[in-house]
Chemist: 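First the structure, which I've put down as structure tokens, then a few questions once you've had a look.
Every chain is numbered from 1, with letters handed out A, B, ... down the list of sequences.
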2 protein chains.
Amino acid sequence: MHGSKRVLFLDLVLSVFRLNGLLIAEGDDMTEGLGLTHARWKVIGAIALSNNGLTVPGIARVLGQSRQAVQRITDVMVEDGLLEYHKNPKHKRSVLVLLSEQGKEIYNTLREVQDPWAIDATEDIPVEELETALRLIRRLIKKFN
Amino acid sequence: MHGSKRVLFLDLVLSVFRLNGLLIAEGDDMTEGLGLTHARWKVIGAIALSNNGLTVPGIARVLGQSRQAVQRITDVMVEDGLLEYHKNPKHKRSVLVLLSEQGKEIYNTLREVQDPWAIDATEDIPVEELETALRLIRRLIKKFN
DNA sequence: GGTACAATGACAACATGCTGACAGTTGAAG
DNA sequence: CTTCAACTGTCAGCATGTTGTCATTGTACC
């Protein structure tokens, strides 16, 4: 009988939905004044975490979104001077997306708010619990991928 | 120095974003053929879990969304015969949203797919890990609420 | 009872996400 | 070298979510 396990898991799923919304709200609060929406700081974060830049479909894979949705955002962000398209030696059409100088400045400003936030959020949570939760979430990601 | 804990947490945040997207995709796959979108099965689920029906703003609070977004969905779902608006003895304007007969049937059909899915997804995951992860996520939800 | 504040429905403008479709590019298998 | 499937950019249509605004209804406080 796996009844309680099933309920436990459905509870987890609903909680992930809820936490997802709250995390986006937190991010939007943090980026208030930087002129960023959640779609934008997600892209900036994904690029900043990569060393050599990412292609548009690459960003989409990291964020778990469609490449078309990411393409639309990056196009506007390039127009706004936050990102730059660079030639990709490995692909004639698929350019690399990198942070512009302005984009880097905004990311640094974001980090100044984000770092204390992350530390505060995990203040009273043991590292082991974070690791267990992350491992479980990764396992589910792999399963559903 | 909380550096590694900070990185661990940011990794967790990104993974929650990713898992959120994958779970919605899983739900959409399960409801394929039922004519439901994720906005719709979330509403049906929220109402089904409540005993006496919910008002539109009430659904919004449960799902962590704006009442306007939920209102638009429920209006169309009433038109489509999935939901019904009933008089609310406690409020002259704010009606109660309930599942119609067709809505109940669809929810039952959904359960027939959802239950095996939940069992399969957690097949090789110990209950203790599920509980640890859920506890952590709930703690974060409470923190950001 | 009256009054101030919160909650609700309704509508609009906008940002974001998805899928489908089509053409050009890449890479791997034959 | 050829061929074909997968990947990519681009455009279009549509569903969803957010914020803002306004009038109406509820509630709490005096």
Chemist: Nearest-Å distance, OH (B:Y85) to C1' (C:dT8)?
Modeler: 13 Å
Chemist: Roughly, in whole Å, what's the span from NE2 in B:H91 to P in D:dT24?
Modeler: 15 Å
Chemist: Using whole Å, report how far CG of A:N88 lies from C1' of C:dT26.
Modeler: 12 Å
Chemist: Would you say that B:L22 contacts B:R18 through its side chain, given a criterion of any heavy-atom pair below 4.5 Å between the two side chains?
Modeler: yes
Chemist: Which nucleotide in the list C:dG17, C:dG9, D:dT8 gets nearest to the side chain of A:P57?
Modeler: D:dT8
Chemist: Is the phosphate of D:dG17, meaning OP1 or OP2, less than 4.0 Å from a side-chain N or O of B:S66?
Modeler: no
Chemist: Which is true for A:V95 with a 4.0 Å heavy-atom rule: it touches a base, it touches only sugar-phosphate, or it touches nothing?
Modeler: sugar-phosphate
Chemist: Could you check how far NZ of A:K92 sits from P of C:dT25, rounded to whole Å?
Modeler: 6 Å
Chemist: Against A:N20, only a single residue in B:N20, B:L19, B:V13 fulfils side-chain contact (heavy atoms from CB on, under 4.5 Å); can you say which?
Modeler: B:N20
Chemist: Where the side chain of B:A69 is concerned, which of D:dT18, C:dA10, C:dT16 is the nearest nucleotide?
Modeler: D:dT18
Chemist: On a plain distance test, is the side chain of B:R93 in donor-acceptor contact with the base of D:dT24 below 3.5 Å?
Modeler: yes
Chemist: With side-chain contact (heavy atoms from CB on, under 4.5 Å) as the test, would you mind laying out the steps for B:L82 and B:L99 before giving the verdict?
Modeler: CA-CA 6 Å; B:L82 298 172; B:L99 295 184; over 6 Å; no
Chemist: Just the rounded figure in Å: distance from C1' of C:dT8 to CZ of B:R61.
Modeler: 10 Å
Chemist: Please report the distance, rounded to the nearest Å, between NZ in B:K42 and P in D:dG17.
Modeler: 7 Å
Chemist: By nearest heavy atom, map A:Q68 and A:S94 onto DNA chain D; which one lands nearer the 5' end?
Modeler: A:S94
Chemist: Atom CD of B:Q65 to atom P of D:dT18: distance rounded to whole Å?
Modeler: 5 Å
Chemist: Can a donor-acceptor pair be found, under 3.5 Å and without considering hydrogens, that links the side chain of A:N88 to the backbone of A:S94?
Modeler: yes
Chemist: D:dG17 C1' sits how many Å from A:D28 CG, rounded?
Modeler: 12 Å
Chemist: Sub-3.5 Å donor-acceptor pair from the side chain of B:K42 to the main-chain atoms of A:F17, do we have one?
Modeler: no
Chemist: Taking the nucleotide of DNA chain C with the closest heavy atom to each, which residue, B:R67 or A:R67, is nearer the 5' end?
Modeler: B:R67
